[in-house]
Engineer: 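Have a look at this one.
Residue indices begin at 1 and follow the sequence shown.
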Amino acid sequence: MAQRKNFDWVDTIRVFSTLSIIVFHYACVLTENPHLQNVVINFIFGINHFGVAAFFGISGYLVVNSLDHSKDVWDFYRRKIVRIVFPFTATYIIAVVIVLLNPNFPPLPIMSIIVGLFPFDVNITKFFNIPHLFLVGEWFIGTIILLYLVAPLIYKFLRLNVPLTMIAVIAISCFSIDFFMPFQLQERILNVQMLAIVRMPEFVTGMVLFLYRDKIFSRQSQILALVLTFAMVLYSGFSNFPTTNIWAKYFFGIDTNLHLILALMLSIYLSFIIADLANKYCKKIMAFFNGYKDISYTVILVHHLLIYKIVAFFGANDLKPLSSIMVLILITVVVLIVATIVRKIYAPIEKKLLG
(Lines give C-alpha, C1' and ligand atoms only; values in the text may rest on other atoms or scores of the structure.)
Protein backbone atom coordinates (compact mmCIF):
# COMPACT_ATOMS: atom_id res chain seq x y z
CA MET A 1 0.00 0.00 0.00
CA ALA A 2 1.29 3.42 -0.94
CA GLN A 3 2.02 5.99 1.71
CA ARG A 4 -0.93 8.26 2.31
CA LYS A 5 -0.13 11.87 1.57
CA ASN A 6 -1.39 14.41 4.09
CA PHE A 7 -2.11 18.12 3.78
CA ASP A 8 -2.05 20.64 6.60
CA TRP A 9 -5.31 22.26 5.51
CA VAL A 10 -7.05 18.88 5.77
CA ASP A 11 -6.02 18.69 9.43
CA THR A 12 -7.37 22.22 9.93
CA ILE A 13 -10.80 21.20 8.62
CA ARG A 14 -10.85 18.15 10.89
CA VAL A 15 -9.98 20.14 14.02
CA PHE A 16 -12.32 23.02 13.16
CA SER A 17 -15.24 20.64 12.60
CA THR A 18 -14.56 18.93 15.91
CA LEU A 19 -14.36 22.19 17.88
CA SER A 20 -17.56 23.47 16.25
CA ILE A 21 -19.32 20.35 17.51
CA ILE A 22 -18.19 21.03 21.08
CA VAL A 23 -19.41 24.62 20.85
CA PHE A 24 -22.73 23.54 19.35
CA HIS A 25 -23.54 20.94 21.98
CA TYR A 26 -22.50 23.36 24.68
CA ALA A 27 -24.95 25.88 23.20
CA CYS A 28 -27.67 23.20 23.16
CA VAL A 29 -27.64 22.96 26.96
CA LEU A 30 -27.86 26.76 27.25
CA THR A 31 -30.94 27.31 25.07
CA GLU A 32 -33.09 27.99 28.16
CA ASN A 33 -30.56 30.39 29.68
CA PRO A 34 -32.33 33.76 30.22
CA HIS A 35 -29.04 35.68 30.22
CA LEU A 36 -28.00 34.74 26.68
CA GLN A 37 -29.72 36.29 23.68
CA ASN A 38 -31.21 34.06 20.98
CA VAL A 39 -29.05 35.76 18.35
CA VAL A 40 -25.94 34.37 20.05
CA ILE A 41 -27.36 30.84 20.12
CA ASN A 42 -28.43 31.15 16.47
CA PHE A 43 -24.96 32.37 15.54
CA ILE A 44 -23.42 29.32 17.22
CA PHE A 45 -25.92 27.01 15.51
CA GLY A 46 -24.92 28.64 12.22
CA ILE A 47 -21.25 27.92 12.85
CA ASN A 48 -22.21 24.31 13.43
CA HIS A 49 -23.88 24.21 9.98
CA PHE A 50 -20.51 25.07 8.48
CA GLY A 51 -18.64 22.68 10.76
CA VAL A 52 -20.87 19.70 10.00
CA ALA A 53 -20.84 20.42 6.26
CA ALA A 54 -17.04 20.66 6.37
CA PHE A 55 -16.94 17.36 8.30
CA PHE A 56 -18.87 15.54 5.58
CA GLY A 57 -16.89 17.31 2.87
CA ILE A 58 -13.48 16.40 4.25
CA SER A 59 -14.69 12.84 4.89
CA GLY A 60 -15.64 12.54 1.22
CA TYR A 61 -12.33 14.09 0.19
CA LEU A 62 -10.32 11.60 2.23
CA VAL A 63 -12.44 8.58 1.33
CA VAL A 64 -11.33 8.76 -2.31
CA ASN A 65 -7.71 8.71 -1.23
CA SER A 66 -8.49 5.79 1.06
CA LEU A 67 -10.20 3.86 -1.73
CA ASP A 68 -7.27 4.49 -4.06
CA HIS A 69 -4.82 3.14 -1.47
CA SER A 70 -6.86 0.10 -0.38
CA LYS A 71 -6.11 -3.35 -1.79
CA ASP A 72 -9.79 -3.91 -2.49
CA VAL A 73 -13.19 -2.82 -1.21
CA TRP A 74 -13.06 -5.29 1.69
CA ASP A 75 -9.72 -3.92 2.81
CA PHE A 76 -11.33 -0.46 2.72
CA TYR A 77 -14.25 -1.62 4.88
CA ARG A 78 -11.96 -3.41 7.33
CA ARG A 79 -9.92 -0.29 7.94
CA LYS A 80 -13.00 1.87 8.44
CA ILE A 81 -14.42 -0.60 10.96
CA VAL A 82 -11.19 -0.55 12.95
CA ARG A 83 -10.83 3.24 12.85
CA ILE A 84 -14.49 4.14 13.52
CA VAL A 85 -16.56 1.30 14.97
CA PHE A 86 -13.97 -0.11 17.40
CA PRO A 87 -13.22 3.22 19.21
CA PHE A 88 -16.93 4.06 19.30
CA THR A 89 -17.95 0.73 20.83
CA ALA A 90 -15.14 0.75 23.38
CA THR A 91 -15.85 4.33 24.45
CA TYR A 92 -19.60 3.70 24.62
CA ILE A 93 -19.21 0.69 26.92
CA ILE A 94 -16.92 2.67 29.24
CA ALA A 95 -19.40 5.59 29.29
CA VAL A 96 -22.32 3.29 30.14
CA VAL A 97 -20.35 1.72 33.00
CA ILE A 98 -19.45 5.16 34.37
CA VAL A 99 -23.08 6.30 34.27
CA LEU A 100 -24.39 3.09 35.84
CA LEU A 101 -21.90 3.42 38.71
CA ASN A 102 -22.73 7.10 39.26
CA PRO A 103 -25.75 7.56 41.58
CA ASN A 104 -26.25 11.13 40.34
CA PHE A 105 -27.37 9.89 36.92
CA PRO A 106 -30.94 8.64 36.43
CA PRO A 107 -31.37 4.90 35.71
CA LEU A 108 -30.68 3.92 32.09
CA PRO A 109 -33.39 1.93 30.27
CA ILE A 110 -32.06 -1.40 28.97
CA MET A 111 -33.42 -0.84 25.45
CA SER A 112 -31.75 2.60 25.33
CA ILE A 113 -28.42 1.02 26.24
CA ILE A 114 -28.78 -1.65 23.55
CA VAL A 115 -29.89 0.72 20.79
CA GLY A 116 -27.15 3.15 21.82
CA LEU A 117 -24.58 0.71 20.45
CA PHE A 118 -25.64 1.89 17.01
CA PRO A 119 -24.10 5.31 16.25
CA PHE A 120 -27.17 6.45 14.26
CA ASP A 121 -29.45 5.67 17.20
CA VAL A 122 -30.95 9.19 17.40
CA ASN A 123 -33.55 8.54 14.71
CA ILE A 124 -33.93 4.89 15.70
CA THR A 125 -34.86 5.75 19.28
CA LYS A 126 -37.22 8.47 18.10
CA PHE A 127 -38.97 6.17 15.63
CA PHE A 128 -39.56 3.45 18.26
CA ASN A 129 -40.19 5.94 21.08
CA ILE A 130 -37.23 4.73 23.12
CA PRO A 131 -35.53 7.21 25.50
CA HIS A 132 -32.34 8.41 23.83
CA LEU A 133 -28.96 8.50 25.56
CA PHE A 134 -26.63 11.27 24.43
CA LEU A 135 -23.61 9.54 25.92
CA VAL A 136 -21.24 8.91 23.02
CA GLY A 137 -23.18 8.40 19.83
CA GLU A 138 -23.31 11.25 17.37
CA TRP A 139 -25.80 11.04 14.57
CA PHE A 140 -23.17 12.02 12.02
CA ILE A 141 -20.91 9.12 13.04
CA GLY A 142 -23.67 6.72 12.04
CA THR A 143 -24.38 8.80 8.96
CA ILE A 144 -20.75 8.73 7.87
CA ILE A 145 -20.64 4.96 8.38
CA LEU A 146 -23.56 4.55 5.97
CA LEU A 147 -21.90 6.92 3.50
CA TYR A 148 -18.68 4.90 3.72
CA LEU A 149 -20.69 1.78 2.86
CA VAL A 150 -21.89 3.29 -0.43
CA ALA A 151 -18.68 5.25 -1.15
CA PRO A 152 -17.15 2.59 -3.45
CA LEU A 153 -20.30 2.57 -5.60
CA ILE A 154 -20.48 6.37 -5.73
CA TYR A 155 -16.80 6.50 -6.68
CA LYS A 156 -17.46 4.18 -9.64
CA PHE A 157 -20.21 6.48 -10.91
CA LEU A 158 -18.01 9.56 -10.44
CA ARG A 159 -15.27 8.02 -12.53
CA LEU A 160 -17.82 7.41 -15.29
CA ASN A 161 -19.47 10.84 -15.27
CA VAL A 162 -19.00 13.50 -12.57
CA PRO A 163 -21.77 15.98 -13.60
CA LEU A 164 -24.49 13.33 -13.98
CA THR A 165 -23.52 11.71 -10.68
CA MET A 166 -23.69 15.06 -8.86
CA ILE A 167 -27.07 15.89 -10.39
CA ALA A 168 -28.42 12.48 -9.38
CA VAL A 169 -27.09 12.82 -5.81
CA ILE A 170 -28.60 16.31 -5.40
CA ALA A 171 -31.94 15.15 -6.82
CA ILE A 172 -32.05 12.13 -4.48
CA SER A 173 -31.27 14.37 -1.50
CA CYS A 174 -33.98 16.91 -2.40
CA PHE A 175 -36.55 14.14 -2.87
CA SER A 176 -35.54 12.52 0.43
CA ILE A 177 -36.05 15.75 2.37
CA ASP A 178 -39.60 16.07 1.03
CA PHE A 179 -40.29 12.37 1.57
CA PHE A 180 -39.08 12.19 5.17
CA MET A 181 -40.27 15.62 6.33
CA PRO A 182 -43.78 14.32 7.24
CA PHE A 183 -42.09 11.76 9.51
CA GLN A 184 -40.26 14.60 11.25
CA LEU A 185 -43.45 16.62 11.61
CA GLN A 186 -45.14 13.55 13.10
CA GLU A 187 -42.13 13.26 15.46
CA ARG A 188 -41.38 9.74 14.20
CA ILE A 189 -37.82 10.83 13.39
CA LEU A 190 -35.79 13.56 15.03
CA ASN A 191 -34.46 15.42 12.00
CA VAL A 192 -34.27 14.69 8.26
CA GLN A 193 -30.90 16.46 8.17
CA MET A 194 -29.49 13.53 10.16
CA LEU A 195 -30.20 11.01 7.38
CA ALA A 196 -27.28 9.77 5.30
CA ILE A 197 -29.25 10.00 2.07
CA VAL A 198 -29.88 13.71 2.77
CA ARG A 199 -26.21 14.44 3.51
CA MET A 200 -24.87 12.71 0.40
CA PRO A 201 -24.29 15.96 -1.59
CA GLU A 202 -21.80 17.26 1.00
CA PHE A 203 -19.96 13.93 1.11
CA VAL A 204 -19.86 13.63 -2.69
CA THR A 205 -18.73 17.27 -2.97
CA GLY A 206 -15.62 16.28 -1.03
CA MET A 207 -15.08 13.32 -3.36
CA VAL A 208 -15.35 15.56 -6.43
CA LEU A 209 -12.97 18.13 -4.95
CA PHE A 210 -10.42 15.35 -4.47
CA LEU A 211 -10.75 14.33 -8.10
CA TYR A 212 -10.07 17.95 -9.11
CA ARG A 213 -7.57 18.64 -6.32
CA ASP A 214 -4.99 20.02 -8.77
CA LYS A 215 -7.41 22.76 -9.81
CA ILE A 216 -9.47 23.73 -6.78
CA PHE A 217 -6.78 25.95 -5.27
CA SER A 218 -6.00 27.86 -8.45
CA ARG A 219 -6.64 31.61 -8.34
CA GLN A 220 -9.34 31.33 -11.02
CA SER A 221 -11.25 28.69 -9.04
CA GLN A 222 -11.03 30.72 -5.84
CA ILE A 223 -12.32 33.85 -7.56
CA LEU A 224 -15.23 31.87 -8.99
CA ALA A 225 -16.07 30.52 -5.53
CA LEU A 226 -16.08 34.02 -4.05
CA VAL A 227 -18.30 35.33 -6.86
CA LEU A 228 -20.77 32.48 -6.32
CA THR A 229 -20.76 33.14 -2.59
CA PHE A 230 -21.44 36.85 -3.11
CA ALA A 231 -24.28 36.03 -5.51
CA MET A 232 -25.82 33.58 -3.02
CA VAL A 233 -25.55 36.07 -0.17
CA LEU A 234 -27.29 38.71 -2.30
CA TYR A 235 -30.02 36.27 -3.24
CA SER A 236 -30.53 35.22 0.38
CA GLY A 237 -30.51 38.80 1.64
CA PHE A 238 -33.25 39.89 -0.75
CA SER A 239 -35.39 36.78 -0.35
CA ASN A 240 -38.60 37.00 1.68
CA PHE A 241 -38.16 33.69 3.46
CA PRO A 242 -39.28 34.28 7.08
CA THR A 243 -36.78 33.05 9.67
CA THR A 244 -35.26 34.25 12.93
CA ASN A 245 -32.01 32.40 12.20
CA ILE A 246 -29.55 34.99 10.89
CA TRP A 247 -27.43 32.39 9.12
CA ALA A 248 -30.44 30.86 7.38
CA LYS A 249 -31.61 34.30 6.27
CA TYR A 250 -28.40 35.94 5.13
CA PHE A 251 -26.34 33.03 3.86
CA PHE A 252 -28.35 29.87 3.43
CA GLY A 253 -31.67 31.53 2.54
CA ILE A 254 -33.36 28.16 2.93
CA ASP A 255 -36.48 28.87 0.92
CA THR A 256 -35.86 25.71 -1.14
CA ASN A 257 -34.15 22.41 -0.47
CA LEU A 258 -32.01 22.88 -3.56
CA HIS A 259 -30.77 26.28 -2.40
CA LEU A 260 -29.78 24.87 1.00
CA ILE A 261 -27.93 21.93 -0.56
CA LEU A 262 -26.05 24.14 -3.02
CA ALA A 263 -25.13 26.57 -0.23
CA LEU A 264 -23.73 23.77 1.92
CA MET A 265 -21.76 22.39 -1.03
CA LEU A 266 -20.31 25.82 -1.72
CA SER A 267 -19.48 26.32 1.96
CA ILE A 268 -17.39 23.12 1.85
CA TYR A 269 -15.27 24.47 -0.99
CA LEU A 270 -14.93 27.80 0.81
CA SER A 271 -13.81 26.06 3.99
CA PHE A 272 -11.13 24.23 2.00
CA ILE A 273 -9.89 27.51 0.52
CA ILE A 274 -9.88 29.33 3.87
CA ALA A 275 -8.07 26.45 5.59
CA ASP A 276 -5.45 26.37 2.83
CA LEU A 277 -4.86 30.14 3.06
CA ALA A 278 -4.65 29.99 6.86
CA ASN A 279 -1.92 27.37 6.65
CA LYS A 280 0.00 29.40 4.08
CA TYR A 281 0.01 32.69 5.97
CA CYS A 282 -0.28 31.61 9.63
CA LYS A 283 2.00 28.59 9.68
CA LYS A 284 3.02 28.63 13.36
CA ILE A 285 -0.49 29.18 14.67
CA MET A 286 -1.98 26.54 12.38
CA ALA A 287 0.78 24.08 13.27
CA PHE A 288 -0.36 24.31 16.90
CA PHE A 289 -4.04 24.13 15.86
CA ASN A 290 -3.48 21.13 13.59
CA GLY A 291 -1.63 19.31 16.35
CA TYR A 292 -4.97 18.10 17.71
CA LYS A 293 -5.90 16.25 14.50
CA ASP A 294 -5.11 12.79 15.90
CA ILE A 295 -7.64 13.14 18.73
CA SER A 296 -10.40 14.80 16.69
CA TYR A 297 -12.50 11.64 16.49
CA THR A 298 -11.90 10.81 20.15
CA VAL A 299 -13.08 14.30 21.10
CA ILE A 300 -16.37 13.59 19.35
CA LEU A 301 -16.75 10.41 21.38
CA VAL A 302 -16.04 11.81 24.85
CA HIS A 303 -17.36 15.38 24.83
CA HIS A 304 -21.05 14.73 25.59
CA LEU A 305 -20.65 13.43 29.14
CA LEU A 306 -18.04 16.02 30.00
CA ILE A 307 -20.26 18.89 28.84
CA TYR A 308 -23.16 17.56 30.91
CA LYS A 309 -21.10 17.21 34.08
CA ILE A 310 -19.30 20.56 33.84
CA VAL A 311 -22.38 22.58 32.92
CA ALA A 312 -24.40 20.88 35.67
CA PHE A 313 -21.72 21.91 38.18
CA PHE A 314 -21.99 25.61 37.23
CA GLY A 315 -25.72 25.63 36.44
CA ALA A 316 -26.88 25.97 32.83
CA ASN A 317 -29.30 28.82 33.53
CA ASP A 318 -27.01 30.70 35.91
CA LEU A 319 -24.25 31.46 33.41
CA LYS A 320 -23.85 35.06 32.24
CA PRO A 321 -22.25 35.94 28.86
CA LEU A 322 -18.71 36.24 30.25
CA SER A 323 -18.93 33.23 32.56
CA SER A 324 -20.41 31.12 29.75
CA ILE A 325 -17.29 31.82 27.66
CA MET A 326 -15.03 30.87 30.56
CA VAL A 327 -16.94 27.60 31.05
CA LEU A 328 -16.66 26.87 27.32
CA ILE A 329 -12.88 27.29 27.54
CA LEU A 330 -12.78 24.99 30.58
CA ILE A 331 -14.90 22.37 28.76
CA THR A 332 -12.65 22.51 25.70
CA VAL A 333 -9.48 22.04 27.76
CA VAL A 334 -10.94 19.15 29.76
CA VAL A 335 -12.30 17.44 26.63
CA LEU A 336 -8.91 17.70 24.89
CA ILE A 337 -7.10 16.25 27.92
CA VAL A 338 -9.53 13.33 28.32
CA ALA A 339 -9.53 12.64 24.57
CA THR A 340 -5.72 12.52 24.57
CA ILE A 341 -5.74 9.96 27.40
CA VAL A 342 -8.43 7.81 25.75
CA ARG A 343 -6.63 7.97 22.41
CA LYS A 344 -3.39 6.74 23.98
CA ILE A 345 -5.27 3.77 25.45
CA TYR A 346 -6.84 2.46 22.25
CA ALA A 347 -4.25 3.64 19.67
CA PRO A 348 -1.92 0.60 20.18
CA ILE A 349 -4.88 -1.77 19.78
CA GLU A 350 -6.02 0.04 16.64
CA LYS A 351 -2.50 -0.13 15.20
CA LYS A 352 -2.30 -3.86 15.85
CA LEU A 353 -5.71 -4.50 14.25
CA LEU A 354 -4.73 -2.50 11.17
CA GLY A 355 -1.57 -4.56 10.83
Side-chain angles (χ1 to χ4, degrees), residues 21-22 24-33 38 41-42 44-45 48-49 52 55-56 84-85 87-150 172-200 202-203 243-245 248 254 257 260 300-309 311-312 316-317:
I21 291 166
I22 295 177
F24 172 73
H25 288 133
Y26 175 59
C28 285
V29 300
L30 300 181
T31 52
E32 302 298 325
N33 188 308
N38 288 334
I41 301 298
N42 282 335
I44 293 174
F45 284 2
N48 185 64
H49 278 299
V52 172
F55 173 86
F56 285 116
I84 298 176
V85 179
F88 170 83
T89 305
T91 307
Y92 178 79
I93 293 173
I94 293 173
V96 169
V97 171
I98 291 174
V99 171
L100 290 176
L101 295 178
N102 192 326
N104 295 325
F105 280 97
L108 300 181
I110 298 298
M111 280 304 301
S112 296
I113 295 176
I114 295 173
V115 177
L117 283 168
F118 301 91
F120 33 84
D121 62 342
V122 178
N123 279 323
I124 294 177
T125 52
K126 190 71 175 179
F127 188 84
F128 292 104
N129 197 28
I130 300 172
H132 177 71
L133 308 178
F134 286 98
L135 294 180
V136 176
E138 280 305 308
W139 63 267
F140 53 80
I141 295 178
T143 299
I144 207 66
I145 289 174
L146 296 178
L147 290 172
Y148 281 147
L149 285 174
V150 298
I172 291 172
S173 181
C174 286
F175 172 78
S176 300
I177 294 174
D178 288 332
F179 179 81
F180 287 106
M181 185 57 71
F183 291 91
Q184 178 177 323
L185 296 176
Q186 297 168 13
E187 297 187 350
R188 297 181 65 188
I189 63 174
L190 188 63
N191 195 326
V192 296
Q193 295 296 326
M194 296 178 176
L195 301 174
I197 197 169
V198 173
R199 309 309 295 238
M200 271 201 305
E202 295 147 88
F203 185 75
T243 176
T244 56
N245 190 307
I254 47 176
N257 295 333
L260 173 60
I300 294 173
L301 296 177
V302 304
H303 77 281
H304 262 308
L305 273 179
L306 296 174
I307 289 177
Y308 293 154
K309 293 297 293 181
V311 171
N317 294 331

Engineer: With a 6.0 Å cut-off (strictly less than), is the heavy-atom count around CG of Asp178, excluding the residue itself, greater than 12?
Structural biologist: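 For Asp178, atom CG is crowded (more than 12 foreign heavy atoms under 6.0 Å).
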
Engineer: Do Phe203 and Tyr148 pass the side chain to side chain contact (heavy atoms under 4.5 Å, CB included) test, and can you show the C-alpha distance, the side-chain angles, and the key distance before you say yes or no?
Structural biologist: CA-CA 9 Å; Phe203 185 75; Tyr148 281 147; 4.1 Å; yes

Engineer: Nearest 0.5 angstrom please: Phe88 CZ to Ile93 CD1, how far?
Structural biologist: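 One gets 9.5 Å once the value is rounded to the nearest 0.5 Å.
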
Engineer: Do you know the tightest heavy-atom contact between Thr143 and Met194?
Structural biologist: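 Heavy atoms only, the tightest pair is OG1-O, 2.8 Å.
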
Engineer: Should we say atom CD of Glu32 is surrounded by more than 12 heavy atoms from elsewhere, each under 6.0 Å from it?
Structural biologist: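 No - once you tally the heavy atoms of other residues, nucleotides and ligands closer than 6.0 Å, there are 12 at most.
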
Engineer: Which class fits the ring pair Phe179 and Phe183: parallel under 30°, tilted 30 to 60°, perpendicular over 60°?
Structural biologist: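 Because their plane-to-plane angle lies in the 30° to 60° range, the rings of Phe179 and Phe183 count as tilted.
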
Engineer: Roughly how far apart are Ile141 CD1 and Ile84 CD1, rounded to 0.5 Å?
Structural biologist: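 One gets 8.5 Å once the value is rounded to the nearest 0.5 Å.
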
Engineer: Would you say the side chain of Val29 lies within less than 4.5 Å of the side chain of His25, judging by non-hydrogen atoms?
Structural biologist: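 Counting from C-beta outward, His25 and Val29 never come under 4.5 Å.
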
Engineer: For a quick test of reading the model, state the closest non-hydrogen atom pair linking Ala196 to Leu146 and the distance between them.
Structural biologist: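 Here Ala196 and Leu146 meet closest at CB-CB, 3.8 Å.
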
Engineer: Going from CG on Leu195 to CD on Gln184, what distance comes out if it is rounded to the nearest 0.5 angstrom?
Structural biologist: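 Rounded to the nearest 0.5 Å, the CG-CD separation comes to 9.0 Å.
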
Engineer: Taking the side chain from Tyr92 and the backbone from Leu301, do they hold a donor-acceptor pair closer than 3.5 Å?
Structural biologist: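 It does not hold such a pair.
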
Engineer: Would you mind telling me which of Ile94, Leu135, Thr91 makes a side-chain contact (heavy atoms from CB on, under 4.5 Å) with Leu305?
Structural biologist: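 It is Leu135; the other options fail the test.
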
Engineer: To the closest 0.5 Å, what do you measure between OG (Ser173) and CD (Glu202)?
Structural biologist: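 The CD atom of Glu202 is 7.5 Å from OG of Ser173, to the nearest 0.5 Å.
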
Engineer: Got a second to check how far Asn129's CG is from Met111's CE, nearest 0.5 Å?
Structural biologist: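 Going from the CG atom of Asn129 to the CE atom of Met111 covers 11.5 Å.
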
Engineer: For residues Met200 and Leu147, report the shortest heavy-atom separation together with the two atoms involved.
Structural biologist: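 Shortest heavy-atom separation between Met200 and Leu147 comes out as CG-CD2, 3.5 Å.
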
Engineer: Out of curiosity, Ile130 CD1 to Ile110 CD1, how far, rounded to the nearest 0.5 Å?
Structural biologist: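 It is 12.0 Å, given to the nearest 0.5 Å.
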
Engineer: Under the rule for ring pair (Phe, Tyr, Trp, His ring centres under 6.0 Å), what residues qualify as partners of Tyr26, not counting sequence neighbours?
Structural biologist: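 Counting only residues at least two positions away or on another chain, Tyr26 forms no ring pair (Phe, Tyr, Trp, His ring centres under 6.0 Å).
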
Engineer: With side chain to side chain contact (heavy atoms under 4.5 Å, CB included) as the test, would you mind laying out the steps for Met181 and Ile177 before giving the verdict?
Structural biologist: CA-CA 6 Å; Met181 185 57 71; Ile177 294 174; 4.3 Å; yes

